[in-house]
Structure formats: structure tokens, C-alpha cells
2 protein chains.
Amino acid sequence: MSRSTAQPSARATTQEVILDAAEEVFADSGFHGATTRAIAECAQANAALIHYYFGSKEALFEAVFARRSEAINEERRARLAALHDADAVTLEAILDALLRPTVSLGRDPERGGAHYARLLVHVASGTDERSRRMTGERYNAIARQFIAEILATVPGLSRGDAVRGYMNAIAIGMSLMAPTGRTEDLSEGALSDRDLDAIISGAVRFIAAGIYALAAPGGGGGAADTLPGPTP
Amino acid sequence: MSRSTAQPSARATTQEVILDAAEEVFADSGFHGATTRAIAECAQANAALIHYYFGSKEALFEAVFARRSEAINEERRARLAALHDADAVTLEAILDALLRPTVSLGRDPERGGAHYARLLVHVASGTDERSRRMTGERYNAIARQFIAEILATVPGLSRGDAVRGYMNAIAIGMSLMAPTGRTEDLSEGALSDRDLDAIISGAVRFIAAGIYALAAPGGGGGAADTLPGPTP
DNA sequence: GTCTATAGTTCGATAGAC
DNA sequence: GTCTATCGAACTATAGAC
């Protein structure tokens, strides 16, 4: 049960040290499983300072969740803008711009966002009122932007199917951000641990093909035809 | 904060009533957020009975998680066997057999498994040691079976890509099981609430197209080619 | 700003009557 | 099997010295 006593930068304010520690402990144990004492210990700070700086455990949790969200979405917007500037807007490029800023959190050591990646999975998959509100507040605006981009790029796609495609992309992205160890267990060595680019491009290829399938005639809108024939 | 005081069948043992209540409260609040007192209140039973029947909160949690897992996987196996008997094995049919028993939990009122659906999402997306162990114990054997079926059905698919395809299918299935309300928020009425068959067949079509894309030449194995061209 | 000390709850678990 | 009563521990939060 040792913890890494997070100290990313040499010059960090006490607030930042607490935020770093809280990010790690909340990611490990969730909101209810984490304790302010464990966070203080991880930060090597006094437990009372958490309330001095943040007021409550709840407020600290929301501060941790909000801290990296704007940087993530700003990077997404910048990547989208770069695509438009270069006139290189394709569905695959849009999905890359959506997934790379979050998926790289857990797999690019230089970003130092592995703890936030786990926390984001925890909150975004939560069905309680706080999780739903926090996810919506920080990530619904960017979601609508990406849905609009997908809709404008794929001919014949309905708005409903664009939403389904976006939600499926997020679902796959989250499974890439959650280090459950399940992929490694199931692959039994057959899945060489590919690098970040290979992982993202594989996911992008998968999702793009899925979205194109929804846009194809008889794709997503209709009911029935429960067992369509193979389309190889 | 009212709760439904779950009483599914008229004749239910106290053990079953406690299991039903625990399923609901654990699904709502997670392991740490739930309390044995809240479970007892939901079950309209005495709090001490939880320890009399199950020994500890931890053991109750594992009993709840295990209870429906065998029925789910037995249904999956039966659906697979029926496909082989009818000589109707296609990738789409395999994915239907994988997803329907879980996705229908939350959307088919007659099954009464909506609470378990939320709990399963909670545990399967958790990165803590207990979540990883419980998911593996109950769902890794069936996972290997489906990976083998996918591998045998899709020509040119590597084992690693079969694992990726399976994990992507599970990720999408879990997002369909978690009632976060996000799809409804983002669709703004454009997504008519389709029935269970339409939701599953749409997901199956999406995933099958993704897996076929991994099997296509240059699909999943290679590195680089970060931004592939569109393939409409 | 940082610390000690502690108030006030609430938790999981158990003992023992019936 | 079911209940009441309660223990000891852990929790969030705060008061107040420095």
C-alpha cells in the first residue's frame, strides 16, 4: 500500500502538492474510498491544510477533476484548428484529435497524467449525480464540437448516429485509459505492447470503420434486421 | 435519496432480499460509498443479518457480483452453441451473443438486472486490485472463448487484434450499460430512444466493421501511419 | 501558513437476549 | 433466525496556538 508521495516539480506550492497527491489517491480509491488523511500523507502535508486551501474533501475532488480538463480540451481544439488550417480534415484525423490528448495521458510518461487518466475513467463511467454533473460541466461542450465535426465530415450520417459514434469513440478511449491489466491477461503475450502511435491509430481505424458502417445505407437508423449478413 | 426497497419476488429468502438490496446500493454508490446500514434499510432487514449471512461487507459485495455472472455467461455460451448448431456463425452473430445478455440487463425490465448492469460497469472499469481480480475471476474464461470464436471467424485477423476487437466490444457494451444520461444530453432529441434490438444491432454493426478494418491489410499490426487516409 | 488536538459523526462488526 | 445495544476505529472538519 505504499504510495509515491508525488513531487513532480521542484518548485511547487503546497496547493499544487496537495492537488497532485489528491489526484493520485482519488484515482486509486475513488471519492468515497479516498480519505483526506491518506491524501495529506501522500502529499507529506498536514491534514488540516486540505481544508485551509480547499474547504472540503468534495471541493478538493472537483478541483482535481477540473485542473487538467481545460488543458485537455484546449489541445483538442488546437488539433482541430490545425486540421482545418492545413485543409486535412478527415474522420480519422478528427478522431485522432479527440483521443490523443486523453489516451496519451496514461501512456506518455512526460505528460505525467496517468493518475488523471484513471480518475477520468472513474468519473466519466460513474452513474451517480456528482459524476454525471462533473462530466457534463467539463466535457459536454467539447463533445458537441466533435459531434458537429464528425457530422460535417461523413456524408450520409444522421445526427443520432454521430452521437452514437462519438460515444463509442469515448468508450474505446476510456478502455485505453484504464489500466485494468485485462488486455494483457487476455492476450497472453500475443499482443506486443505497441507504442502510443500504434495504439491510437489502431483505435482510430476501428472507430472510423464503425462510423462509416453507421453511415452506410441501412446503417444505424432503422430498426430490426437483427442479424445482418457479413460485410467483409 | 429514496430507494426502492427492492422486493422482486413474493417468496424470497432473507438472503435473497439482502442480495437484491445490496445490488442496488452497491450499484448506486460503489463499494466504499455504500454502507451496510443503507443496505439493511433498503432490504427492510436488520443490519446484523448482513454479517450473520455473509460475514462481512466485502464478502457480501463479492456474492452480489458473482450471483448473476454465471447466468450471464451461461446465456452467452448457449447462444454461441445455438449458432454452431444452426451453422449460422458470423462475426455479427458472435457479437450479438456477447453483448445481448449484458446490454439487455439494463434495458429489458423483465430481466430486472438494471442494478447489476451498473455494478458490472463499476467493477469492470475499476483499476483497484479487487475490481481487477473479481472481473478476471468471473469473466476472463468467457472472454477467451469469444476471442477464439472471433479469431476463427474472421480471416486474416491476428490474435492480438482479436483481443483488441473483443476489448473494444466490451467497452462499447459497458457504455450501453451505464445510464450516465450523456447520450441523451448530447443527442438533444435527435436520437430517438430506439428499442433494445436496434441498439444492439447498431452496436454490433459498428464493432464488426471495426474488427474487419483491423483484419484488412495494414490493419492493426503495423506501427506508424498515424493519419491514414479516409476509407469511405 | 502550518501545526496539534479534538469535536462530532458514522462506520463495520459483534455480543447476547429472545 | 432475528432483534437491540454497543464497542472500537476511522472519518471529515474545525478551533486555536504558533
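All figures in this text were calculated on a predicted structure; none of them were measured in a lab. Chain naming here is simple, since letters A, B, ... match the order of the sequence lines and numbering starts at 1 in each.
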Task: Pair A/Thr127-A/Arg132, side-chain donor/acceptor within less than 3.5 Å - done: no
Open item on the list: Could you check whether any side-chain N or O of A/Glu16 sits under 3.5 Å from a backbone N or O of A/Thr13, counting only pairs where one atom can act as donor and the other as acceptor?
Closed with: yes
Open item on the list: Tell me every residue that passes ring-ring contact (aromatic ring centres under 6.0 Å, His included) with B/Phe206, counting only those two or more places apart in sequence or in another chain.
Closed with: none
Task: cation_pi(A/Arg130, A/Phe31) dist<6.0 Å, angle<=45 - done: yes
Open item on the list: Considering every strand and a 4.0 Å limit on heavy-atom distances, what is the contact class for A/Ala34: base, sugar-phosphate, or nothing?
Closed with: sugar-phosphate
Open item on the list: Strictly distance-based, threshold 3.5 Å: is any side-chain N or O of B/Ser29 a donor or acceptor partner for the main-chain N or O of B/Phe26?
Closed with: no
Open item on the list: Under 4.0 Å between a side-chain nitrogen and a carboxylate oxygen: does that hold for A/Arg100 and A/Asp197?
Closed with: yes
Open item on the list: Does D/dT14 have OP1 or OP2 under 4.0 Å away from a side-chain N or O of A/His51?
Closed with: no
Open item on the list: Assess whether a salt bridge exists between B/Arg77 and B/Glu70, defined as any Lys/Arg side-chain N lying under 4.0 Å from an Asp/Glu carboxylate O.
Closed with: yes
TODO: Mind calculating the distance between NE2 (B/His32) and C1' (D/dC11) to the nearest angstrom?
DONE: 13 Å
- [ ] Please state how far atom CD1 in A/Ile50 lies from atom P in D/dC11, giving the value in whole angstrom units.
- [x] 12 Å
Task: Along DNA chain C, first and last positions that approach a heavy atom of chain B under 4.0 Å - done: C/dC11 to C/dT14
Short heteroatom pairs, N/O only, protein and nucleotides 4-10 of chain D, under 3.5 Å:
{"unit_1": "D/dT4", "atom_1": "OP2", "unit_2": "B/Asn46", "atom_2": "ND2", "d": "3.4"}

Task: Test item: B/Thr180 and A/Thr135 side chains (from C-beta on) under 4.5 Å apart, heavy atoms - done: no
- [ ] For B/Tyr53, report the nucleic acid contact type (base, sugar-phosphate, nothing); a contact means any heavy atom under 4.0 Å.
- [x] sugar-phosphate
